[in-house]
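Okay, so here's the structure we're looking at.
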2 protein chains.
Amino acid sequence: MNDVFPIGVQSFAPLYQEVRRLLTQSLSEGEWQPGQALPSESKLAQRYHVSIGTIRRAIDDLVVEQILVRQQGRGTFVGTHTPKRKLYHFFHIVREDGVKELPEPETIDFSRDRADENTAKRLNLLPGERIIRMVNLQRLGRQTVAVDHIVLSHDRFRDLSEKIVRERDGTLYSLYQTRYGINIVRAQERLRAALCERDTARLLGVPTGAPVLEINRTAMTYHNTPVELRRSVVNTKGHEYWNELGKIDRRI
Amino acid sequence: MNDVFPIGVQSFAPLYQEVRRLLTQSLSEGEWQPGQALPSESKLAQRYHVSIGTIRRAIDDLVVEQILVRQQGRGTFVGTHTPKRKLYHFFHIVREDGVKELPEPETIDFSRDRADENTAKRLNLLPGERIIRMVNLQRLGRQTVAVDHIVLSHDRFRDLSEKIVRERDGTLYSLYQTRYGINIVRAQERLRAALCERDTARLLGVPTGAPVLEINRTAMTYHNTPVELRRSVVNTKGHEYWNELGKIDRRI
DNA sequence: AAGTGGTCTAGACCACCAT
DNA sequence: TGGTGGTCTAGACCACTTA
């Protein structure tokens, strides 16, 4: 970069944002795999011809987004979707008394379909392109607290099969990450109240017509690329959706 | 601070965290009022006998939490609860089509009461201490989308009256901030689905028993001190609760 | 022109981890 | 002991605002 612009001169964007872009690029290309360490900060500084401070500034951003994880004395690692790590970043259901439990997901249905107009739009596909549909349960303790209807682009997950999904160990996001190198890093959710339909009610163990929380999520990988659509129906008798506004965990 | 510990030597906590603590202290004591500018970074560096870098690191944290706002060329300001600023930090209801509208709050009921055991616990009071109860409407366009039941400690808002609340201009948080110097900086929310009760249904314009979103919020000021309890009942026909996971707005 | 925050650098030293 | 990230400093210069 300093080959192009003299040191200390900002051309268009700040240097650290450019470095951040290059790091994200390498991550999305799989140069560093989930769980693996990145080169040390001094190595990265050499590689991009910037100072360590600038490297740290770029990494800071990715650490805040939980895309990277720093461990003092060990290195900087690509974040994974293993339990206790990014889990609660994407799972906001807690017990009524506030206790967090590990959800146990189970996929109970798998089928292929074609995208309608709305689905295509939300997944950046063309209407009629092939998609995968799944139905997934989230269990906390012995109770099923949520039923997820999931939609994926078939092309992104070409060899995904019912067998693979059923026999996986861990969450779907972990599967996307380890098997397809697709790292879910962001999501948008829309919540509303609804009355539970019969099939879902049976799975949740509530009466048909019981009030349920409906969550529409779009999950994204790097560059805000949408990867998965998920409609979750949550039984909020006994569990709640938890959110913190303005909280800062351990800053960087 | 360097009078006590030699430069470059970390004693217990990092220096910038200590500076952050002192800044928060001054904020909570009202040394710098909402909307006003803090001393410049170089002045603060002199005041606390640290380098500008350390000051910036401390301010960074507070900016991420939206407690402070930086404006290049102008200064660093205490965040306010004016519309377009912290508003959407604490208001997550959007129109079904994703459009954000400014809510128009109106308080329709005001009374005094005594705290029961649970309320006391959540507000850090003793059972039997005096509290204020309010009922508040949130309007978007011509529709009432939420009914809030609010509880405050009477002692914190000693002279608060129905008149003041009704004649205010803006949100309650803005009132707390400007009139009482109490700055809401954080909140915890728990969401669940419920069936709408009769009185609330009438206010929302939905049938009794319609599915509604129920939000239980604890709003806090500095040092995680709870200030306000709020139970919001939201009509999610036409509007939704919106949440983003892993988003990073404009980092610092 | 002066003052503010924003970026970038270079270097010293600390804390932690692995060996 | 050597390598990693974490903290703190000092200084130069850029970008923006205000007067």
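Protein chains get the first letters and strands the later ones, always in sequence-line order, with residue 1 at the start of each. The structure presented is a predicted model; accordingly, all values stated were derived computationally and were not measured.
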Discussion item. Taking ring pair (Phe, Tyr, Trp, His ring centres under 6.0 Å) as the definition, give me every residue that meets it alongside B:W242, ordered by chain and number, with sequence neighbours left out.
Written reply: B:H92

Worksheet item: Who passes side-chain hydrogen bond (donor to acceptor under 3.5 Å, both in side chains) against A:R122, sequence neighbours left out?
Response: none

Discussion item. Between P on D:dA15 and CD on A:Q17, what's the gap in Å once rounded to a whole number?
Written reply: 14 Å

Worksheet, complete the sentence: To the nearest angstrom, the CG-C1' distance between B:D61 and D:dT7 comes to 13 Å

Worksheet item: Which whole-number value in Å describes the distance from B:I55 CD1 to C:dG6 C1'?
Response: 16 Å

Fill in: Separation of atom OH in B:Y48 from atom C1' in D:dT9, rounded to whole Å
19 Å

Worksheet entry | Short side-chain N/O contact to D:dT9 OP1/OP2 from B:T54, under 4.0 Å | yes

Worksheet item: Closer than 4.0 Å, any side-chain N/O of A:R56 to the OP1 or OP2 of D:dG5?
Response: no

Worksheet, complete the sentence: Separation of C:dA12 atom P from A:I52 atom CD1, nearest Å, is 13 Å

Worksheet entry | Results of salt bridge (Lys or Arg N to Asp or Glu O under 4.0 Å) for B:R168 - residues two or more places apart only | none

Worksheet item: For A:E240, what residues pass the salt bridge (Lys or Arg N to Asp or Glu O under 4.0 Å) criterion, not counting sequence neighbours?
Response: B:R190, B:R192

Practice prompt. In whole angstrom, give the distance that lies between atom CG of B:L15 and atom P of C:dC13.
Written response: 17 Å

Practice prompt. Report yes if at least one side-chain N or O of A:S51 is closer than 4.0 Å to OP1 or OP2 of C:dC8; otherwise report no.
Written response: no

Worksheet item: Hey, can you pull the residues of residues 33-45 of chain B with a non-hydrogen atom under 4.0 angstrom from DNA chain C?
Response: B:S40, B:E41, B:K43

Practice prompt. Calculate the interatomic distance between A:R57 atom CZ and D:dT7 atom C1'; express it in whole Å.
Written response: 16 Å

Worksheet entry | Side chain of A:Y16 (C-beta onward), nearest among C:dT7, D:dT7, D:dT9 | C:dT7

Worksheet, complete the sentence: Rounded to the nearest 0.5 Å, the CE atom of B:M220 sits from the OG1 atom of B:T225 at a distance of 9.5 Å

Item to complete: Please list, chain by chain and in numerical order, all residues satisfying ring pair (Phe, Tyr, Trp, His ring centres under 6.0 Å) with A:F157, sequence neighbours excluded.
Response: A:Y176, A:Y180

Worksheet item: Which nucleotide in the list D:dG5, C:dG5, C:dT9 gets nearest to the side chain of A:V50?
Response: C:dT9

Short N/O separations, protein against nucleotides 17-19 of chain D, under 3.5 angstrom:
unit_1, atom_1, unit_2, atom_2, d
D:dT18, OP1, B:R74, NH1, 3.1

Worksheet item: Does one side chain, of B:N136 or B:E106, offer a donor that lies under 3.5 Å from an acceptor on the other?
Response: no

Item to complete: Quick one: list whatever passes salt bridge (Lys or Arg N to Asp or Glu O under 4.0 Å) with B:R166, sequence neighbours left out.
Response: B:E162

Practice prompt. Side chain of B:R70 only, please: which of D:dC8, C:dG6, C:dT7 is the nearest?
Written response: C:dG6

Worksheet entry | Length of the line joining A:I59:CD1 and D:dG6:C1', which is rounded to integer Å | 12 Å

Item to complete: Sequence neighbours left out, what passes salt bridge (Lys or Arg N to Asp or Glu O under 4.0 Å) with B:D159? Give chain and number order.
Response: B:R179

